[in-house]
Structures are given as C-alpha cells and as structure tokens.
A.B. asks: 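One structure, pasted below without further comment.
Starting from 1, each residue takes its place in the sequence as its number. Both backbone and side-chain heavy atoms feed into the values below; hydrogens, waters and symmetry mates do not.
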Amino acid sequence: MAKCPKCQYDNAEVALMCNLCGLVLRRASSNAPARTAQPPSTPAARFDFQELASRQVKALEPFGVALDFSPASLLAIDAFLDDAGGARAPGATDWQPTQAQNAVIVGAGAYFGEVIRRCLGGQWVQPDDDNLAGAKLDFPALTLQPFRAGFLRLRDGDRAGLHAAYESCRSALGVTGVPLDTLPSYLAQADGFLQKHRPDLAQRFVDRAKRGWPQSPQLKALEARLAAAHAEVRAAEAAAVATPATAPAEPGGAKVPAAAAVPPPKPAPAPMQGVRALRYELAGALKRRDFASALGAVDRLLVEVPGERGALIDRGLALAGLGRIDDAVHALERAIAAFPDDLEAYDARQQVLLDAGRLAEALAANDAILARAPGRTPTLRMRAGVLMRLGEKDRALEAITRAVERSPDEAASWVLRGTIEGKLLRTEQAREALRRAIALAAGKDDEALAVARRELQQLEALTPMMDIDDASGRQDPTQLAL
C-alpha cells in the first residue's frame, strides 16, 4: 500500500494520487507497467453515469448554475457545495447523509467523474454491488473514486475542491491541451456570477484564468468589471456602517443604551446599498429558489444586523431548500429562542419538518404553536392535515372541526373538513361541507373553489359504489351499524 503523507489514507501501490485528498503521490512514468481497465463485475451496467451527470446539469439550472462539462464548471460546483457543505458536526466521528444530501453527493460525483472522463480520458467501472460509492474511473496507472470525492466534499466543506482534484489528476496524468479547458469557459462562469451580484465567487474564475491566460485583453476587461463590483460592495458596506443602527434589544426585550453621545450625521440617500441591497438580494434568491445564493446573502446580512428576526427565519428556509433539514431546524429554533412570542418562526419550523416528511416532529411543532395561540385557524388546519397523513382520521376531524367553529367563513377549512368526512365515509356530512366551501369561495378564493369542486365531483362519483341495496330501497352506508 502507498500511504498518503498528507491524510494517511492507504492507496494502492500503483496510485499516482491520493484517492482521499487528491495529493499527487508520484509522477507518471513511461516505464510504469501498464494495466488495462477492469471490466464491470456484472455483464449489464447497473448505473448510467452520463445520465446521472446530465441530471445534475438540469438540477442546477434553476439555481442559475450553468454546467457545460468544462473544468471551469467544476468551480461552479465547488461554489454550490461550499454553501451545502460542512454537514458533519464539528468533532463528530461518524456521519451519514440524509436522502437529500445523498442526491447532492450523487449529482456532484457523477458530474465530476464525467468532466474527468471527457477531458482527460478514463473509463467508468461499475461498483461490485449496488453502492455507487464503489464506482471508479480507471486509467492505466490511476484509479479515481468520483462519488467518494463528492461525499467528502459535502461532509467536510473545507476540503480542497473538485476543480483542484481535477487539476491534480491532470498533472498526475501529464495531460496538456484539454479542448474544454479554455479561457472563454472561465470568463463565461465569472460573468454569470457577476450578473448574480456575487463578485466573491466570480473572483475564483478570474484567479484561475489569470494563471493560464494572464495577458488576455478579455480577461483584463473582466477584471476591471470585477474590481468595480468589489468597490461597489465595499461602498455599500461603508454606507451600512455609517448608518446609525437601532440599539440592540436584550433577550428580555429591554433596549441597550446607545454608546454615542452625539448622533452621527445623517447619510445621503443610497438606494440599494448595504443592508437594503442584501435584503433585496436575499428576497430575490428565495423567490427564484436559488437557495445557495440565498444562504450566502443571509449570512452576510446577519453580519450587518446580527440576530435580526427575519434574517434568522430566512436562513432556516435557505438551509431547508438545500436539504440541510437539521441545520434549518436549528436556525429556526435560534429565531424562536430570540423571539419567543413571534409565531412566524414557529410556523416555518413546522412547515420545514412537514415538507421533510418528519410528521411526528411536525405535530410536536404544531403543539408548540397551539400552546401560544390555541384557536389559531391556520395552525388547526395544518394539524388536521398532519394527522390525516399519520392515519389518525378521528383526531384530524376533531382539529378541523375546531377550525371551522373558530372561523366559520374560511373556505379552506371547509374544504379540508369535507375531505376528511369523505375519508371517514360520512358521505352526507362531506357533501354538506364541500358545498359550504364552494359557496364561501365563490368570487373570493379561486384555489379553494377549484379544490372543493374537484372533491365534490369525486365524492358524487364514488357515492353509488358505496350505496347498498336492500328491500327498503337504497341506504347510505354511513347509517349502517358496522
């Protein structure tokens, strides 16, 4: 075995670079014994690696990340993983990814491997079992494990990026003149991040391009734009510092006396600068569902306004969008602890847990809201929905009954009551509730109106199937003593 001097990982004797950290162990030699790539262990390929990589391209399109299988695009993957990475708690010796994190690992690993294959060669080798972690890219004197690289990058966060691993591999193989490794690919990626107001990420592509094409006029022009963007950020930060801050509140709500005896001069109006610019950037990223950019924006916002209620909640939502559910819940619980009487953070925690399918925890979060607002109609309606998903129909009916009694003019509550009554085979009660919902929603709530009509049509279609013939005529089965 060849032990890596950096991370102590035991690599195969023929390894040119460490399969764990990417360190080059030795240079390829023309006298090195050649070996042929091993065929898959089964006749039929179980995994289509190119298809997995293509799915990653499509998955990141909504986030504004353009992937073209160029080496430059690996820096974009690194930027995405920087926000999603560091998933293992500090000091933890073991870590297992969630289902959402597994999807990130598979996508990043497949794309990384495909960039290596298309740019440097190599052949995919199927794993011996159904675990993608064992899939490899085989070269005559080198073997890579792309999915393990994706796993480690997500787990540790601060590990050297996939682009650095690509360059180590290229150096080990002695490959030059890669067709896809071009200046325009780096410039295009940098320009994309500049348009998203992320000069910090655009800088990565410019720094790498300067190593290969330092005298390029196009690069110098982009550097000038990047310098202007950095200057704009610094000016916004300076404006935010110059703006008098509201005295922070202590945990009990008391104001901390301002330290300055003489108020500073009022700054000139500066629209879309400083904190306002960050709030605008954050709102736009959340609206686009660009959760990686949203997390970056909210973290910068919390530097400017530590402990801001809305920012703490938005941070939880951004983490949830990235699939980091435990981190999202922790962030929202910080908001709850800081603002225990504000129900928005409670609502967000409940919704995050519900969307993640963690129904028992969502129900407990619902209990916490009702303890503070016992008759809150949206919370009662949410409770009924959670209980239905848990199969507790009677308790769900009890919750939605409380909701309609509390707010008898809300169509959405009557829709859900009609649905639950139907599930309990209480046909007439379901029909009555849905008709009430239609009457309330007409001209006011198009969504509730459409759902109520659909549920009523389904109920009417199923009613003949549930009716029973006897000598006295047709009976509603809900009237039978079952």
Side-chain angles (χ1 to χ4, degrees), residues 4 7 9-12 15-23 37-42 44-60 65 67 69-71 73-88 94-139 142-170 172-173 292 322-324:
C4 174
C7 68
Y9 182 74
D10 289 324
N11 298 275
L16 295 181
M17 64 182 292
C18 178
N19 279 321
L20 183 60
C21 70
L23 180 72
Q38 297 298 315
S41 58
T42 56
R46 289 188 299 277
F47 298 107
D48 186 337
F49 301 107
Q50 296 180 45
E51 173 61 23
L52 290 174
S54 296
R55 290 181 190 174
Q56 175 74 346
V57 174
K58 295 176 181 176
L60 292 188
V65 180
L67 303 179
F69 294 97
S70 67
S73 65
L74 290 175
L75 282 174
I77 291 285
D78 281 330
F80 178 76
L81 292 177
D82 279 344
D83 286 325
R88 180 175 60 173
D94 192 21
W95 175 74
Q96 291 298 322
T98 65
Q99 184 176 358
Q101 289 167 337
N102 259 325
V104 174
I105 292 168
V106 169
Y111 186 81
F112 171 55
E114 266 301 290
V115 170
I116 296 285
R117 188 187 68 82
R118 297 185 188 201
C119 295
L120 305 179
Q123 178 180 341
W124 281 107
V125 177
Q126 294 284 337
D128 293 333
D129 51 25
D130 290 330
N131 189 348
L132 266 172
K136 302 173 183 177
L137 264 177
D138 222 8
F139 294 85
L142 180 66
T143 298
L144 299 176
Q145 292 180 282
F147 293 98
R148 179 164 178 77
F151 169 84
L152 295 172
R153 186 73 172 79
L154 182 67
R155 186 193 71 179
D156 297 340
D158 58 354
R159 181 175 295 274
L162 298 180
H163 185 272
Y166 157 81
E167 295 204 318
S168 294
C169 183
R170 186 185 67 173
L173 293 170
L322 291 169
R324 295 168 59 180

A.B. asks: Could you tell me whether the side chain of Phe49 reaches within less than 4.5 Å of the side chain of Leu137, counting heavy atoms only?
C.D. replies: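 Heavy-atom side-chain distance check fails, nothing below 4.5 Å.
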A.B. asks: What are the two closest heavy atoms between Pro127 and Ala135, and how far apart are they?
C.D. replies: CB-N, 3.7 Å
A.B. asks: Counting C-beta onward and ignoring hydrogens, is there a side-chain heavy-atom pair between Glu114 and Trp124 closer than 4.5 Å?
C.D. replies: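 Answer yes - side chains close enough.
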A.B. asks: Quick one: are Leu67 and Gln56 in side-chain contact, heavy atoms under 4.5 Å?
C.D. replies: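 Yes, side chains in contact.
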A.B. asks: Under 4.5 Å between any side-chain heavy atoms of Phe112 and Ile77, yes or no?
C.D. replies: no
A.B. asks: If I compare all heavy atoms of Leu162 with all of Ala149, which pair ends up nearest, and what's the gap?
C.D. replies: CD2-CB, 4.1 Å
A.B. asks: Please check if the side chain of Gln126 supplies one atom and the backbone of Phe47 the other of a donor-acceptor pair under 3.5 Å.
C.D. replies: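 Yes, Gln126 side chain to Phe47 backbone: donor-acceptor pair under 3.5 Å.
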A.B. asks: As an exercise, state the distance from CD1 of Ile116 to CZ of Phe69, rounded to the nearest 0.5 Å.
C.D. replies: 13.0 Å
A.B. asks: Donor-acceptor pair, distance only, cut-off 3.5 Å: does the side chain of Asp138 make one with the backbone of Gly122?
C.D. replies: no
A.B. asks: Just so I know, are the side chains of Arg117 and Gln123 near enough to count as touching, which here means a heavy-atom distance under 4.5 Å?
C.D. replies: no
A.B. asks: So, do Leu132 and Leu52 sit near enough that their side-chain heavy atoms are less than 4.5 Å apart?
C.D. replies: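 Yes - at least one pair of side-chain heavy atoms lies under 4.5 Å apart.
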A.B. asks: Hey, what do you get for CG (Leu173) to SG (Cys119), rounding to the nearest 0.5 Å?
C.D. replies: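 That separation rounds to 12.0 Å.
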A.B. asks: Is there a side-chain contact between Cys169 and Leu144, using heavy atoms and a 4.5 Å cut-off?
C.D. replies: yes
A.B. asks: From Glu167 CD over to Leu120 CG, what is the distance, rounded to the nearest 0.5 angstrom?
C.D. replies: 10.5 Å
A.B. asks: For Tyr111, give me all partners under side-chain hydrogen bond (donor to acceptor under 3.5 Å, both in side chains), at least two apart in sequence or on another chain.
C.D. replies: Ser73
